[in-house]
Amino acid sequence: MAQQSLDFYSQPPKKTIKAEAKAETPPTALGEQEKKERKRRVFPPEAPENLPPSYFVSASYDGHQRKAVVKLYEPESGNIYFWYDNTGHKPYCLTNLSERELKKIERLMTHPGFDHFETTVKFNPLLDRKMQVTKIVASDPLAIGGKPQGTIRDIIPEDFPKTSPSMASAEEAKVWEARIKYYQCYIYDKQFLPGMIFEVKNGNLIPTILEQTEKIVEQMKTIFPEATPQELEYLTEWARLLEYPAPKFRRTAIDIEVYAPISTRVPDPREAAYPIICISMYTSDNQKKVMLLKREGVREGNEHLPADVKLEYYDTEEKLLKAVFEVLWEYPFIITFNGDDFDLRYLAHRALNLGMRRNEIPIEVGRRVCLLRYGVHIDLYKFFFNRSIQIYAFSNRYRDVTLDDVGNAIIGVEKIKLEKAFGDLTYTELAKYCLRDSEITFKLTSAEDELAMKLILVLARISSMPMEDVSRQGVSRWIRNFMHREHRKRNMLIPNPEDILAQKGKTTTTAIIKGKKYKGAIVVEPTPGVHFNVAVMDFPSLYPSIIKVWNLGYQSILCPHPECRSNIVPGTTHWVCTRERALESLLIGSLRDLRVRWYKLKAKDKALPAELRSWYKITQGALKVILNASYGVFGADSFDLYCPPVAEATAAIGRHSITQILGRAEQLGIQVLYGDTDSLFLKNPSKEQVEELVRWTEHELKMSIDMEKIYRYAVFSSRKKNYLGVLEDGTVDVKGLTGKKKHVPFFIKNAFNQMKERLARVKNPADFEAAKKDIASIVRERYTRLKRREWQNMDELAFHVVLGDDLHRYTKTTPQHVKAAKMLEESGVEIRAGDLISFVKTVREPHVKPVELATKNEVDVDKYIAYLHSTFDQVLDALGLSFDEIIGLTKLERFLG
DNA sequence: GCGGACTGCTTACCT
DNA sequence: ACAGGTAAGCAGTCCGCG
């Protein structure tokens, strides 16, 4: 099926070569074009009356048919089918005005998009009571909102007092739920769950029920025997979303290369002024293909590509584009790395520049995204850029969000390093380079049992979002959307942010950091030195547990009931509702329980088949991402349910919990070496002491506490968030020390890693003496090499600092990496926010130079020695070593400086 | 005019 | 567009100093 359309262009290349890319479409091609047009008219394929089980992967609004449309992925055929709403669902928003009042608003009644009113009752969680609202139904989502002016959501508050001077209602006019995207509104109302399996039966979209999976879902009752019926409802709902199986994703990665005359500048995809000379693809059905544009004077190249790589030559750019467009009409999932801002955008604009018609182009170009008219486009750059994904799903394994760095870290494949400009490459060199990029992009989605694809699927299910959206947006959108879904499911009015804030916007604690809204977590002062047998205990998912146990949420904090006012959060003046459970408390609490008591265990269960275990591993990872952010969003003013007292209360209860347990540990005679937020480091505690602490915490604080790990020994300095711990198996945990930070020059990092390896081999206090000597010689060796200027190349000495902002926005100070970046810019390199700047420290003003421009003899060796000094000091003083003594500086020399 | 004490800015990290 | 807390280095400012 894929081949049929592709093979048309797989003919051997014609030998006549036209270098000019803008050649007109030859008249002979018109017949073919017409044939294609006809094919396009029945395309994309509408779902048949009956469609076998298929995955709900995306939803959008079809402006022509004025209907919601769902993209269904049928994994057997590997095709996408479109299912159009057949229920007559329409866009709407809600208002407190009555139909009678609304009818007086002229601009509303004459609005072309206005359809009709419906009066209905909703539960208002802020007021804790039911209220009558009017649904204003429209024929087009743009009539409600989404345009700068003249939309229904703006008209009502603008015109109501004017058109109704009699003030029939004393309240001000309010509009709710007018900013929800239409397709999301549709998903919530229909209770369609994206990522789940559906069938089309007699034209209707019906969820597929898998008996086997439902049996597991039913088990929740026995796994959580203490859960209330209400809690069980949430546990079951989540479990169903997380237990249903994932499909194989038929997909292809794509990468394009553009011929640009100035090699330091990335060509502007909006102009698309230069020809596309190479396109590669790497597919899940194991096809590797490179399509090249024939150009004058370009050689074939001597080396050859692997036998399974298909090379195709095109004599015009149009033919090349048409060939890649066939692929975009064909594959259900298209994977790119930065396709939103480059590859797909360039392809679309280039095609328009070459005179192709819009309906021939399978790309929908948006302001910030590029979507596909047929399949689902996943831009991995956006996905891997997501901080939560970077930190929690990939444990900070990649530092720099580039294809090279991510590829290297996740799958161990690097980009091909080019020594020549694109224009000077042979066809095979270009093909190899381009194919490597597609290969990395594809493998990023296939690594670890298709982790990335499945993660996106699970997150789509949790958040009720299309796969395209969930892969591009941040964790606060994911959380917001499942909150919205649950509001709609329970007939709750979704409050406006300004109303939450007006009632519950004040915080009562003072932050330690200037400019922050409230006080955060406690860090226990560490006890400096080397300590053997250190037990690390922690509260698993502390903040989500607090949200569950203390019933926190925007509706429960500072609730309107007088009898709840005595239920005070320790350390604050806030009270919490005792009458009704908050939605957040139930949703986040049940997710936490599922992760800790089901998915984490299943992920490690060797009795399960490997495939299933891997799915559980991915699922628990997705839950971790959500849970880790579930407290922070309440303190983020960008979050739709922003409620600072909820965040403040959560942190306050966290402080209360750790302070209580600290006191209990002291009573039990346990020495606490350190602690941070939700953890305690105990020096050589007895089994009984630990058991008592666990029992007491569960009884008194109603929270679980775990023995997370035991360090054979741990090294603390007096610095908080800075330590090193060695596990029984020799693994070394390094936290916060300079030697592990990504900006540190490799020359110093390397010495630090040598020390780490040496420390891993220390088993008992006696071993330390020999280790100390070895560590001293590691330091001494680095010191003398610096003094003698013995380093391999300048890269070893480079600091690597991310440019947080565009250069001209540094107005207050000019940090070193900014100075270096400015020098680079002057040498003609394009510099943007987010770039990693590599520089070395030099003797002469301004004491920095980009590593590319620096030479050996201008390096400020003493600065590097000072850096080596401070990096090692963090560990040395705990070991009873002194940097100065190691390098043999006498006291007098030190005194003289 | 210069250096030390200080504050603020910036980045990277921890939980 | 998740939060606050901590470390570190450097830039910039203020003040004293005949």
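Since we're looking at a predicted model, the values are computed, not measured. Below, each value reflects all heavy atoms present in this structure, side chains not excepted, and no hydrogens, waters or symmetry copies.
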Roughly, in whole Å, what's the span from [atom1] in [X] to [atom2] in [N]?
X      : N      : atom1 : atom2 : answer
A/Y642 : C/dC2  : OH    : C1'   : 12 Å
A/F752 : C/dA8  : CZ    : P     : 12 Å
A/Q473 : C/dC2  : CD    : C1'   : 15 Å
A/W478 : C/dA1  : CH2   : C1'   : 13 Å
A/H847 : C/dA11 : NE2   : P     : 8 Å
A/K720 : B/dC14 : NZ    : C1'   : 13 Å
A/K516 : C/dC2  : NZ    : P     : 13 Å
A/K517 : C/dC2  : NZ    : C1'   : 10 Å

Taking the side chain of [X] as heavy atoms from C-beta outward, which of [options] is closest to it?
X      : options               : answer
A/Y392 : B/dT15, C/dT6, C/dG12 : B/dT15
A/I512 : C/dA3, B/dT15, C/dG5  : C/dG5
A/K514 : B/dG8, C/dC2, B/dC14  : B/dG8
A/K721 : C/dA3, C/dA1, C/dG5   : C/dG5
A/K841 : B/dT15, C/dG9, C/dG5  : C/dG9
A/K519 : C/dC2, C/dG5, C/dA7   : C/dG5
A/Q874 : C/dA7, C/dA3, B/dT15  : C/dA7
A/R477 : C/dT6, C/dA1, C/dA3   : C/dA1

For [X], report the nucleic acid contact type (base, sugar-phosphate, nothing); a contact means any heavy atom under 4.0 Å.
X      : result
A/V734 : sugar-phosphate
A/G520 : sugar-phosphate
A/Y518 : sugar-phosphate
A/Y867 : sugar-phosphate
A/A647 : nothing
A/S630 : nothing
A/N722 : sugar-phosphate

* **A/R397, CZ atom: more than 12 neighbouring heavy atoms under 6.0 Å** =>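 Enclosed: over 12 neighbouring heavy atoms sit under 6.0 Å from CZ of A/R397.
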
query: Distance from A/K756 atom NZ to A/L737 atom CG, nearest 0.5 Å?
result: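 CG of A/L737 is found 10.0 Å from NZ of A/K756.
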
| If you measure from OH on A/Y631 to OH on A/Y543, what distance do you get to the nearest 0.5 Å? |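 Between atom OH of A/Y631 and atom OH of A/Y543 there are 5.0 Å.
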
Between A/S388 and A/T871, just flag the one whose closest nucleotide in DNA chain C comes earlier from the 5' side.
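It is A/S388, whose closest nucleotide lies nearer the 5' terminus.
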
Contact list (N/O, under 3.5 angstrom) for nucleotides 10-12 of chain B vs protein:
{"residue": "B/dT11", "atom": "OP1", "partner": "A/G804", "partner atom": "N", "Å": "2.9"}
{"residue": "B/dT11", "atom": "OP1", "partner": "A/Y810", "partner atom": "OH", "Å": "2.5"}
{"residue": "B/dT11", "atom": "OP1", "partner": "A/H817", "partner atom": "NE2", "Å": "3.2"}
{"residue": "B/dA12", "atom": "OP1", "partner": "A/V802", "partner atom": "N", "Å": "3.0"}

Using OP1 and OP2 only, check whether a side-chain N or O of [X] sits under 4.0 Å from [N].
X      : N      : value
A/Y723 : B/dT15 : yes
A/S638 : C/dA1  : no
A/R719 : C/dA8  : yes
A/S870 : C/dG9  : yes
A/K863 : C/dG9  : no

[X] and [Y] ion-paired at < 4.0 Å:
X      : Y      : value
A/K709 : A/D733 : yes
A/K548 : A/D593 : yes
A/D676 : A/K721 : yes
A/R844 : A/E858 : no
A/D340 : A/R472 : yes

Checklist entry - Within the distance-only criterion (no hydrogens, no angle test), does the side chain of A/S585 pair as donor or acceptor with the backbone N or O of A/I547 below 3.5 angstrom? => result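 The answer is yes, because a donor-acceptor pair under 3.5 Å joins these two groups.
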
